[in-house]
Structure formats: C-alpha cells, structure tokens
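This one's a predicted model, so the numbers in the text were calculated from it and none came from an experiment. One is the number of the first residue; the rest follow in order along the sequence. FYI, side chains are in, hydrogens and waters are out, and symmetry mates aren't considered; it's all heavy atoms of this structure.
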Amino acid sequence: MELEIVVPEHHYHRCVTLAGDHLGPLGYLKRDSSIEPDGFELVTHPMSYEYAIAEFPWPLLGQLAELGCETDSSVGLHIHASRAGFASVEHNYRWMKMLYRIESAVTTIARRRSHYAPFDQRARAKVKDTAKDPLHVLGLSRYQAINPYPRKTLELRVFASSLDVQQVQAALAFTAASIDYTRGLRVADVRAGAWEWSRFTA
C-alpha cells in the first residue's frame, strides 16, 4: 500500500517521527514531489490482506489527522497486488478485464476520478498484451487505473487517499476480493455474466 498524505509544515517532523515509530518494520516513508505543498507517502512492505487488517497500526491514521494531516483530491492510495498472488497470466487478464468492465462501480468505491489514474481506453484495449508482458507494450503511461509496469506487481491506482480507517481498509478489501473472485472464473462463467458488478457483489 502507498498512502499519500498532505502534512502541515509546522508539524512535519512530528508527523514523520510518529509515523515511523508506529510503522516499525512494516513500512517506511517516502518523499513525493507530487504532494503539495508538503507531505509524504506512507509505504508498507508486502503483506496479505488478513495480515494488514490485523497488524497495520490503524490508530496512526487518526493521530495524523489530529495533527492536521489531510488527504485532499490531489493525493491517492495505490495498492500493489503481487504478481505472485495471481494464479496465471490468464488470471491477470480476468482481473484487469473485470475492473475495466465495472469501471463505474470501481470509481464509486475509489471516491474519485483522477487524471493520474484514468480508465484509459487504449490501456483497456491492450489488457491482453499487458497481462502477458507489459514491457513490450509501447505507448502506454503508468498513470492509468491499473499500472502493469512494476516488475513484481500490478498497481491499482484508482483510490483517493484517506485517513479514515474504514475507507483504507475497504480499498484493501476490494482489491483482495476482486483478485480472489477472478481466480477461478471460467469462460462459461464470464459468458453467464460473471464480470458484472451484481454477480461480483453477490
């Protein structure tokens, strides 16, 4: 998880210390020039959804908010899904294809539309190729809803950042659930409507 946070200048060092103390070995902080006027990106090391819910220091988010930290419309929450967690290239494809099919619902969950993470039609048309080998697909930006270019992950960039525990956990939950849901889908399931939002939520 990468959580972009706007930090008040007068509390910057206090917030950095607080976050570092709470995170311990679970993550680290990064400078990000896109966060204005000042802020940092809170980045976790790889963990399962269950481990994140149980072990991430969730009270930290509220404490940062109390110190004046914010998550406005300019900052995002990016979730990197490990490629090792997918069953196959076909599973990559099914997951990405479904998310493009249910764009409206994903946007509602994400709480934003962003030019840093658009559901780009050119990227959607090339999902079959990027699922196999994204490095050989030319002309696509990493600034799209699903960035396929990280070597070991697929980066879901759609979510608005938040210091609300429930919203952050929901983003993690949706990512994990959608990957699990698409793991065993067959062609017959898809033809019967398995990519539809109502089927997924059911």
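- Arg157 places no side-chain N or O within 3.5 Å of a backbone atom of Ala145 that could act as its donor or acceptor partner.
- Applying the side-chain hydrogen bond (donor to acceptor under 3.5 Å, both in side chains) rule to pairs touching residues 186-202 yields Arg101-Glu196, Arg186-Asp189, sequence neighbours excluded.
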What verdict does the side chain to side chain contact (heavy atoms under 4.5 Å, CB included) test give for Leu29 and Val43, after you've listed the backbone C-alpha separation in whole Å, the side-chain angles of each residue and the deciding distance to 0.1 Å? CA-CA 6 Å; Leu29 304 179; Val43 183; over 6 Å; no
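- Applying the side-chain hydrogen bond (donor to acceptor under 3.5 Å, both in side chains) test to pairs two or more places apart or on separate chains, none has a residue in residues 44-54.
- Applying the salt bridge (Lys or Arg N to Asp or Glu O under 4.0 Å) test to Asp180 and every residue at least two apart in sequence or in another chain returns Arg183.
- Residues meeting the side-chain hydrogen bond (donor to acceptor under 3.5 Å, both in side chains) test with Ser74, sequence neighbours left out: Asp72.
- Side-chain contact between Thr130 and Asn92 is absent, with no heavy-atom pair separated by less than 4.5 Å.
- Scored by the salt bridge (Lys or Arg N to Asp or Glu O under 4.0 Å) test, Lys30 finds Glu41 as partners (sequence neighbours excluded).
- When side chains are defined from C-beta on, Cys15 counts as touching Phe40, because their heavy atoms get closer than 4.5 Å.
- Under the rule for a salt bridge (Lys or Arg N to Asp or Glu O under 4.0 Å), Asp129 has no partner lying at least two apart in sequence or in another chain.
- Separating the CD atom in Glu4 from the CD atom in Glu2 is a distance of 7.5 Å, to the nearest 0.5 Å.
- Side-chain contact between Ile146 and Leu99 is present, with heavy atoms from C-beta onward closer than 4.5 Å.
- Between Gln169 and Gln166, the closest side-chain pair of non-hydrogen atoms is not below 4.5 Å.
- Within the 4.5 Å cutoff, no side-chain heavy atoms of Val106 are placed close to those of Tyr100.
- By the ring-ring contact (aromatic ring centres under 6.0 Å, His included) test, Tyr93 is found to be paired with no residue, residues two or more places apart in sequence or in another chain being considered.
- Partners of His80 under the ring-ring contact (aromatic ring centres under 6.0 Å, His included) rule, at least two apart in sequence or in another chain, do not exist in this structure.
- Here the CG-CE distance, from Leu156 to Met96, works out to 11.5 Å after rounding to the nearest 0.5 Å.
- Between Leu163 and the options Val168, Val6, Ile5, a side chain to side chain contact (heavy atoms under 4.5 Å, CB included) holds for only Ile5.
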Give every donor-acceptor pair under 3.5 Å between a side-chain atom in residues 55-66 and any protein atom, sequence neighbours left out.
residue	atom	partner	partner atom	Å
Trp58	NE1	Ala52	O	3.2
Trp58	NE1	Ile53	O	3.1
Gln63	OE1	His22	NE2	3.3

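- Residue pairs meeting the side-chain hydrogen bond (donor to acceptor under 3.5 Å, both in side chains) criterion with at least one member in residues 116-127: none, sequence neighbours excluded.
- Counting only residues at least two apart or in different chains, ring-ring contact (aromatic ring centres under 6.0 Å, His included) contacts with residues 170-194 comprise Phe174-Phe200, Tyr181-Phe200.
- In terms of the salt bridge (Lys or Arg N to Asp or Glu O under 4.0 Å) criterion, residue partners of Arg113 (sequence neighbours excluded) are, by chain and number, Glu103.
- A distance-only check finds a donor-acceptor pair linking the side chain of Arg111 to the backbone of Ala160 [under 3.5 Å].
- Of the inter-residue distances, the one linking Ser88 atom OG with Phe86 atom CZ reads 10.0 Å to the nearest 0.5 angstrom.
- Hydrophobic clustering of Ile, Leu, Val, Met, Phe, Trp and Tyr side chains at less than 4.5 Å, counting indirect connections, keeps Met1 apart from Val75.
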